[in-house]
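Inspection log for the structure reproduced underneath, given as structure tokens.
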Amino acid sequence: MSNNIIPQQTWPAEFAQRYREKGYWQGETFGQWLHDRAQQHPDREAIVGGEQRWSYHQLNQYANELAAGLLQHGLEKGQRVLVHLPNIPEFISVIFALFRIGLIPVYVLPAHRIAEAEHFANDAQAVAYIGVDQHAGFNYLPLARELQKRCPHVEKIYIVGQSEEFTALHSVQAKGQGKAVPINAAQASDVAFLQISGGSTGLSKLIPRTHDDYIYTLRESAKIAGLDARSVYLGALPIAHNFPMSSPGFLGTLYVGGKVVLSTVPSPEQCFTLIEREGVTDTSLVPPLLLLWLEAASHNKAQLHSLKVIQVGGAKLAAEVAKRVRPVLGVTLQQVFGMAEGLINYTRLDDSDDLIVHTQGRPISPDDEILIVDDQGRAVPEGEPGYLLTRGPYTIRAYHNNPSANARSFTNDGFYRTGDIVRRTAEGYLVVQGRANDHINRAGEKISAEEIEDHLLAHPQVFDAAVVSIPDEFLGERSCAFIIPKAEKPRPVEIKRWIRERGLADFKVPDQVVFVDQFVETAALKISRKELRAQLRAQLQNNSEH
Ligand SMILES: O=C(O)c1cccc(O)c1O
């Protein structure tokens, strides 16, 4: 039963045919291309991380060994596996092992905790979890234990590092040594992995990406970012994120035969050292990190001399900050506006400074269809802001196993409602103006207001709660929880602790907690959550201005 991924709504045949005819989908798989690169340039460096330095031959071999070991453990094609790893080389050998034998990784962010892991395990009906003993001061073994207790279908747990009662990942690899595996058990049209959505409404949804569609974005993204075999990409953001994974990210770099350097943290201290030591040419950052890097580079630019391009995305970059990139860092800025569901826009490296500073770029593909519409779904006049809808050769047609989200998020003719509000310039570039969804974009992490409200409402002293985004100079946005207490008012720290103890990622803990007696002054009882959040946000901003 759990062997087969639930059938997806996918591209209609005539679209699929067009995407193949135009050469976007080339029938290639992840398992195949890594094998090809290892044949083409076995000794070239592929991955550097911590003390490890792997050639393409080694990466491919380790992926093979892991794949063979996992098959011996009884895992089967089509099954889902949670991959909960930080920026370490094993992240990459693990996912290629899974790709090769047609197992489906589900990427869990290192910052995610038991609540998220449980949700993804259930949603994907995962049979295994691959994690790490500890990272960034957090011990993941209790999480793995709890996960297995809550989700008995997660039968197998593999751990990088001290595995205690669980299976050590290296023992799986050892078991697979010298065993043959097929280079490629998957079809290019198969789902290769499940990426996670930002969770704009309620819980995160799973995003099924096929080999064909994702490899298309890698190939084009690498071209648009100017990557080639001499490129050295630094993974500074958590590489489980779609952005450093594929825009063009570590996968785009490996696709063209470059070198990937992994940093376990995105701090300027560690990253600048790696950039200098490894001759890093490209990296990607979210706006708050770019601010830190700009600050650090103002005294310390010499270490960055190999760096050529920085992609910035995940949240809107202020033009004032964008302007400082070239003078301060001596590199070309590439703005990226993308989403794990598909559509990616880039400014091009040879664009005018004006486009690079003031827009979020244009789509990858000539077949990315863009609609900008009003509340009634009618196209807005050119240049006016509206809701962004899109459809194309690498934008999903449905979430995994989620009919209600699919009904909300896709039009009948297969356009994805991105939830972003954009306008399009005369040159065809998009400028992000805002969003339709009530999520908080906290330094690139998208937090669903609804998800946090549900957890707050579970608190015994909370009568009602509304979570809103507040502009923040550094984070872009921070979260504020408005709470109507029951008889006894809890302290803000108790509310924050509550969210942590519910097993949620730290970035979801409200930055600010405000207690109020009621939400609306008037008798406007029929107010929507969305209007309510807007009112509260305005209220807080008015108060802070007075
Ligand atoms: O999800 C994102 O924010 C994002 C940003 C830039 C590039 C991407 O691929 C993304 O998924």
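Whatever order the structure lists them in is the order used to number ligands and atoms, beginning at 1.
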Check your understanding: Between K508 and E116, is the closest basic N to carboxylate O distance under 4.0 Å?
Key -> yes
Exercise for review: Give a yes or no on whether a salt bridge exists between R80 and D123, defined as a side-chain N under 4.0 angstrom from a carboxylate O.
Suggested key: no
Exercise for review: Hey, could you give me each pair passing side chain to side chain donor-acceptor pair (under 3.5 Å) that has a residue in residues 229-238? Not counting sequence neighbours.
Suggested key: D228-R230, Y233-S284
Check your understanding: Quick one: salt bridge (Lys or Arg N to Asp or Glu O under 4.0 Å) pairs with a partner in residues 241-260, sequence neighbours left out?
Key -> E45-K259, K259-E278
Point to revise | Partners passing salt bridge (Lys or Arg N to Asp or Glu O under 4.0 Å) against E220 (at least two apart in sequence or in another chain) | key: K223
Exercise for review: Inspect the contact between R442 and E477 and indicate whether a charged nitrogen and a carboxylate oxygen are less than 4.0 angstrom apart.
Suggested key: no
Revision key, fill the gap. Output for ligand 1, non-hydrogen cut-off under 4.0 Å, lists N242, F243, S247, G314, V336, G338, M339, A340, I344, K446
